[in-house]
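For reference, the structure discussed in these notes is given below.
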Amino acid sequence: MKGIITVVGCDRVGIIAQVCSHLAAQQVNILDISQTIVQDFFNMLMIVQLPPAAAFEQLAGDLAQLGQSMGMDIKLQREDIFQAMHRV
C-alpha cells in the first residue's frame, strides 16, 4: 500500500533525518520526496510504500507522536483517499 506523508512546521536542522530514520526503522520505503521552505516554515510531502504487514493506524499514530515531539505536524494518509480528496 502507498501512503502520503506531510510534515509541516517551523524549519530547523534535522527534520528530514528524523522522519526518514523513523520510517526506515519501520521498513517504510520512500518513493518520492519534495520539501520547501517558505520564510521560516518547512513543508515536506513524501510518497511512501508501506510494508505488507504494516499496521496503518499504528504507523499514523507513531508519526503524529514523532511530530509532536519535534514541534511539527506529521500526517499519514492512504494514497487512494488522498487522491480522491484532491480530485477536481
Side-chain angles (χ1 to χ4, degrees):
M1 170 193 330
K2 288 185 184 176
I4 307 294
I5 297 174
T6 55
V7 181
V8 179
C10 292
D11 188 35
R12 65 171 179 77
V13 173
I15 297 169
I16 296 172
Q18 277 187 276
V19 174
C20 290
S21 293
H22 183 81
L23 294 174
Q26 302 299 316
Q27 300 299 307
V28 174
N29 187 34
I30 299 168
L31 302 173
D32 200 357
I33 183 171
S34 173
Q35 63 94 30
T36 58
I37 299 169
V38 178
Q39 294 185 11
D40 291 331
F41 293 97
F42 177 89
N43 184 25
M44 180 167 61
L45 182 117
M46 305 170 88
I47 300 172
V48 298
Q49 181 71 51
L50 303 169
F56 183 88
E57 297 303 325
Q58 179 67 44
L59 181 58
D62 290 348
L63 286 169
Q65 284 183 339
L66 175 65
Q68 286 180 345
S69 73
M70 296 170 60
M72 309 289 287
D73 182 33
I74 302 178
K75 295 196 183 317
L76 170 63
Q77 300 174 58
R78 296 177 195 276
E79 180 192 36
D80 53 350
I81 294 173
F82 182 86
Q83 286 185 357
M85 288 175 29
H86 293 89
R87 209 173 283 148
V88 176

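None of the values given here were measured: they were computed from a predicted structure.
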In residues 9-16, what donor-acceptor pairs under 3.5 Å come from side-chain atoms, sequence neighbours left out?
| from | atom 1 | to | atom 2 | distance (Å) |
| --- | --- | --- | --- | --- |
| Arg12 | NH1 | Gln18 | OE1 | 3.4 |
| Arg12 | NH2 | Gln18 | OE1 | 2.6 |

(Q) Are Val8 and Leu76 connected into the same hydrophobic cluster when the rule is that any two of I, L, V, M, F, W, Y join if their side-chain heavy atoms are below 4.5 Å apart? (A) no
Q. When rounded to the nearest 0.5 angstrom, what distance separates CE in Met70 from CG in Leu63?
A. 10.0 Å
Q: Quick one: list whatever passes side-chain hydrogen bond (donor to acceptor under 3.5 Å, both in side chains) with Asp73, sequence neighbours left out.
A: Lys75
Tell me which donor-acceptor pairs under 3.5 Å the side chains of residues 44-59 have, and how far apart each pair is, sequence neighbours excluded?
| from | atom 1 | to | atom 2 | distance (Å) |
| --- | --- | --- | --- | --- |
| Gln49 | NE2 | Met1 | O | 3.2 |
| Gln58 | NE2 | Asp62 | OD1 | 2.9 |

Q.
Nearest 0.5 Å, please: how far is CD in Gln77 from CD1 in Ile5?
A. 10.5 Å
Less than 3.5 Å apart, which donor and acceptor atoms pair up between the side chains of residues 19-31 and the rest of the protein, not counting sequence neighbours?
| from | atom 1 | to | atom 2 | distance (Å) |
| --- | --- | --- | --- | --- |
| Ser21 | OG | Ala17 | O | 2.8 |

**Q.** side chain to side chain donor-acceptor pair (under 3.5 Å): pairs with one or both residues in residues 33-44, sequence neighbours excluded
**A.** none
Q) How is the hydrophobic cluster of Val38 composed, in terms of its other members, when Ile, Leu, Val, Met, Phe, Trp and Tyr link through side-chain heavy atoms under 4.5 Å apart, directly or indirectly? A) none
(Q) What's the separation between atom CD1 in Ile74 and atom CD in Gln68, rounded to the nearest 0.5 Å? (A) 10.0 Å
